[in-house]
Amino acid sequence: MSDSETVPSATTGAATGSLPPANAPDSPPRAPGSAPALPRPALEIAAGYAFTGPALDLGALLWDGTCLPDAQIRIPLPMLNRHGLVAGATGTGKTKTLQLIAEQLSAQGVPVFLADVKGDVSGISAPGTMNDRVGSRAAEVHQRWTATGFPAEFYALGGLGHGIPVRATITSFGPLLLSKVLQLNQTQEQSLGLVFHYADQKGLELVDLKDLRAVVAFLTSDEGKEELKGIGGLSTATAGVILRSLTAFEAQGMADFFGEPEFDTAELLRMAPDGRGTVSVLELPAVQDRPQLFSTFLMWLLADLFHDLPEVGDVDKPKLVFFFDEAHLLFNDASKAFLDAITQTVRLIRSKGVGVFFVTQTPKDVPADVLAQLGNRVQHALRAFTPDDQKALKATVKTFPNSAYDLEELLTGLGTGEAVVTVLSEKGAPTPVAATRLRAPESLMGPVDAAVLDQAVRASRLHDRYAQAVDRESAYEKLAAAKPSAGARGPDEMTPAKPDAPKAPHASKAPKEERSVVEQVAGSGMFKSLARSLGTQIGREITRSLFGTARRGR
C-alpha cells in the first residue's frame, strides 16, 4: 500500500490482510472523493474486528480523539456464549449498551434476559424517538437508524411491581442461595444445608417460608429434640439463629417471593412469532432496596437454566444471553462455597449455549476466577477522584491486553456512550483493544408508561399461569396436623396426602400392607422415608445441584 492509498472501510482492508509499510505515515493523505484513510495503528485495530460471519455492531473506532466510522467495532455472534463484562461508572451509558446489544441479539433470533434495576429498560418494547442527539450519533458512526420496538415479556419478583410474578419454592431455591439472602455465616449456612437434607429425607416439601420455618421450629421444640440429635453438626443454638433469621425475613414482607406456581425458566428461551428472540425484562424497581434478594434470585434463574438445558457445545448462536445487572451485589460477603458454585456454573453453562454478561462498575467487583472466564469486555469511563478510584483504575488497566492506547488516560476521558472494547474473534483469540463510540439504541431509551406496561402484562399468555399464588399442602400443614395428636409424632410417622387430595385435619399412619411393600422394595429406613414422600420428593437428595437447588421432578 502506498502512502497515497486510502482504506475506505475496515472490512475491505482486513479482508486482504494488507497493512501499510512500517515507514508509512500515521495519517495517510486523503485521496480526492474518497473517505478519510485510516491511520496505521487504527487500521491494525480495525483489522481485528473484520469478521466474516454474523456479528453485532457496537459502533465506530475512536483514534486520537476522532471517530472513524469506516472502522466498525463488532462482536461475533457465536462468541456471545463466551460471556462478558459491561462496566463503568454511574451515568456513563452501561444501560444503553445493554439495550443496544439486546436489540441486535433479538433481531438475530437470540432470546435475552435483562434485569431492570432502575426501571428504564422497559422502553425496549417500544420504537425509539429520533432527536438531534440520536441523529448526530447515528451520523457519526454511519448507523442506519430505524425506530424499532422488540418483542418483550415483563416479570416482577413475587409480583411486586409491573410484571408477571416470578416465584421459587424454598426447596428449589436451595440452602446456599437462601443463606446468601438471609446473610448467614458459613457455619449457619452449613447447618441450613442439614435442615434441607432432613426435610428431603422426611418428605417435608418446602414450598414457602412458613414451611421452612415450621421445620426448624419443630427441630428446636421439645418434640423435635430427638430428631435434631440425628442431624450431625446441627446445634440447638444454631437452629435457633436460623429460625430467628427466617422470622425476621418473613416479617419484612419477603414471603411473596417464595411459593407456587414456581417460575419455569424455559419461558426465557421463547421466540416471537416473527422469528426474533423474546427480551425477558425482570422489573426490579419495587425491590431495589433489597439487593441481596434480587441478586440471589437472578443466580437462581441462571442455576435453574443450567440444570435444565442439555449440552450443545459450540453453536452458531447462543440459546440465551443473560445480563446480570448490579453484579457486585451477588459477590459481596459471599461464602467460599457460594463463590465456588458461581464459578463452576459460569464455566459450564457456556457449553449449554448460554452467554452471561456481568454488569457492574469496575472489573474488581467480579472475583478473579469469574473474570478470567469473561471473553468480551465493554468498559465505559471510570472516575479517579480518590486514592481508591486511582487504585481501581490501575487494576482495571491491568485486566486488558496490551494496547496502543494510554488506557489510564483514555478510561478517565471517555464521554457518555463511549467505551473501550475487546472481544473474542471468530477463532477465539482476543481482539485488539478499541476505543469505541457506540451506536444509539433503536428502541425507546427510557421507560414506557406504567399503564402500557400493565396492559402488556395482562395480555401475556403467561399471566393466567403465574398470576395467582397457590398454597397447597406441604411441610407446614403436615407438621401442624401432627401437633394435636397424643404424643408427638415426627415426620417419619406422617403420611403425605396425594397431591389432589383435600387437606386432612390429622395425618394418619399408612396402612400396614403399604408399609410392608415399601419395606420389601426399599429394604432400608431411608428409602422407606423417601418412598412415603410425594412424587416430586422422591430422589431429591440425589438431584441437588452445585447451589443445592433442586430440580422440578424432571
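We number each residue from 1, following the sequence as shown. Keep in mind that this is a model prediction, so the values were computed, not measured.
Classification of the F322-F113 ring pair by plane angle, with boundaries at 30° and 60°, yields parallel.
Judged purely by atom type and a 3.5 angstrom limit, R137 uses its side chain to pair as donor or acceptor with the backbone of L438. Within the 3.5 Å criterion, the main-chain N or O of G93 finds a donor-acceptor partner in the side chain of T97. With hydrogens and angles disregarded, a donor-acceptor distance shorter than 3.5 Å links the side chain of N376 to the backbone of M79. One N or O on the side chain of T422 and one on the backbone of T431 form a donor-acceptor pair closer than 3.5 Å. Between the Q104 side chain and the I101 main chain, no donor and acceptor come within less than 3.5 Å of each other. Between the side chain of D116 and the backbone N or O of V121 there is at least one donor-acceptor pair closer than 3.5 Å. For S122 (side chain) and V448 (main-chain N/O), a donor-acceptor pair under 3.5 Å exists by modelled atom type. Side-chain atoms of D304 never come within 3.5 Å of backbone atoms of H307 as a donor-acceptor pair (strictly under, hydrogens ignored). A donor-acceptor contact shorter than 3.5 Å links the side chain of K180 to the backbone of L330. Although no hydrogens or angles enter the test, the distance criterion places a donor-acceptor pair under 3.5 Å between the side chain of K94 and the main chain of G88.
For CD of E311, the number of neighbouring non-hydrogen atoms (other residues, nucleotides, ligands) closer than 6.0 Å is greater than 12. When the shell of 6.0 Å around CZ of R465 is examined, it contains more than 12 heavy atoms from other residues, nucleotides or ligands. The environment of CG in D274 is crowded: more than 12 heavy-atom neighbours from other residues, nucleotides or ligands sit within 6.0 Å. Within 6.0 Å of CD in E426 there are more than 12 heavy atoms belonging to other residues, nucleotides or ligands. No more than 12 heavy atoms of other residues, nucleotides or ligands sit less than 6.0 Å from atom CG of N402.
Shortest non-hydrogen contact noted between A102 and I124 is CB-CD1, 3.8 Å. When all heavy atoms of A87 and Q361 are compared, the pair lying nearest together is CB-O, 3.7 Å. Of all non-hydrogen atoms in S172 and E262, the two that sit nearest each other are CB-OE2, 2.9 Å. Heavy atoms only, all atoms of each residue included: L77 and L56 are closest at CD1-CD2, 4.2 Å. Considering all non-hydrogen atoms of both residues, A381 and L414 come closest at CB-O, 3.7 Å. D316 approaches P78 most closely through the heavy-atom pair O-CG, 3.3 Å.
Proximity of the aromatic rings of F338 and F331 is defined here by a centroid distance below 6.0 angstrom, and this criterion is not met. A distance of 6.0 Å or more separates the ring centres of F323 and F358.
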field: Derivation and outcome, side chain to side chain contact (heavy atoms under 4.5 Å, CB included), residues F324 and V359
entry: CA-CA 6 Å; F324 211 124; V359 186; 6.0 Å; no
- request: Kindly determine whether E442 and T146 satisfy side-chain hydrogen bond (donor to acceptor under 3.5 Å, both in side chains), including the steps that lead there.
  value: CA-CA 6 Å; E442 296 182 336; T146 304; 4.8 Å; no
- prompt: Is there a side chain to side chain contact (heavy atoms under 4.5 Å, CB included) between L320 and V110 once you walk through the steps?
  reply: CA-CA 6 Å; L320 173 74; V110 178; 5.9 Å; no
query: For V423 and R377, what are the C-alpha separation, side-chain angles and deciding distance, and is it a side chain to side chain contact (heavy atoms under 4.5 Å, CB included)?
result: CA-CA 6 Å; V423 302; R377 299 272 301 277; over 6 Å; no
message: Evaluate Q99 against S443 for side-chain hydrogen bond (donor to acceptor under 3.5 Å, both in side chains), listing each step before the verdict.
response: CA-CA 8 Å; Q99 195 167 339; S443 57; 2.8 Å; yes
message: Checking R437 against L58 for the side chain to side chain contact (heavy atoms under 4.5 Å, CB included) test, could you report, in this order, the C-alpha distance in whole Å, the side-chain angles of both residues, the deciding distance, and whether it holds?
response: CA-CA 8 Å; R437 184 159 292 163; L58 292 180; over 6 Å; no
task: For side-chain hydrogen bond (donor to acceptor under 3.5 Å, both in side chains), just list the numbers for T343 and D369, CA-CA rounded to whole Å, side-chain angles, deciding distance to a tenth of an Å, and then say yes or no.
output: CA-CA 7 Å; T343 303; D369 288 344; 5.0 Å; no
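Using a 4.5 Å heavy-atom threshold, the side chains of L85 and T360 count as touching. Between Y49 and P432, the closest side-chain pair of non-hydrogen atoms falls below 4.5 Å. A heavy-atom distance below 4.5 Å is found between the side chains of L80 and I75. Using a 4.5 Å heavy-atom threshold, the side chains of Y466 and E267 count as touching. Within the 4.5 Å cutoff, no side-chain heavy atoms of P151 are placed close to those of R270. Contact check for K317 versus Q108: no side-chain heavy atoms found under the 4.5 Å cut-off. With a 4.5 Å cut-off on side-chain heavy atoms, T396 and L411 count as touching. For the pair T265/D308, a side-chain contact is recorded, criterion being any heavy-atom separation below 4.5 Å from C-beta on.
Interatomic distance, CG of L212 versus CG of L178, reported as 6.5 Å (0.5 Å rounding). Distance check, rounded to the nearest 0.5 Å: NZ of K96 to OG1 of T416 gives 10.5 Å. Rounded to the nearest 0.5 angstrom, L206 CG and D200 CG are separated by 7.0 Å. Taken from CG in L177 to CE in M299, the straight-line distance is 7.5 Å, to the nearest 0.5 Å. The line from OG1 of T92 to CG of L382 is 8.0 Å long, rounded to the nearest 0.5 Å. Note that the CG atom of L462 and the CD1 atom of I164 stand 4.5 Å from one another [nearest 0.5 Å].
The pair R472-D208 fails the salt-bridge criterion, with no side-chain N (NZ, NE, NH1 or NH2) lying under 4.0 Å from an Asp/Glu carboxylate O.
No donor-acceptor contact under 3.5 angstrom links the side chains of S280 and E153, judged on distance only. Side-chain contact annotation: Q455 with R458, donor-acceptor N/O pair under 3.5 Å absent.
Relative to the ring axis of F258, R167 does not place its NZ or CZ within 45° and under 6.0 Å from the centre.
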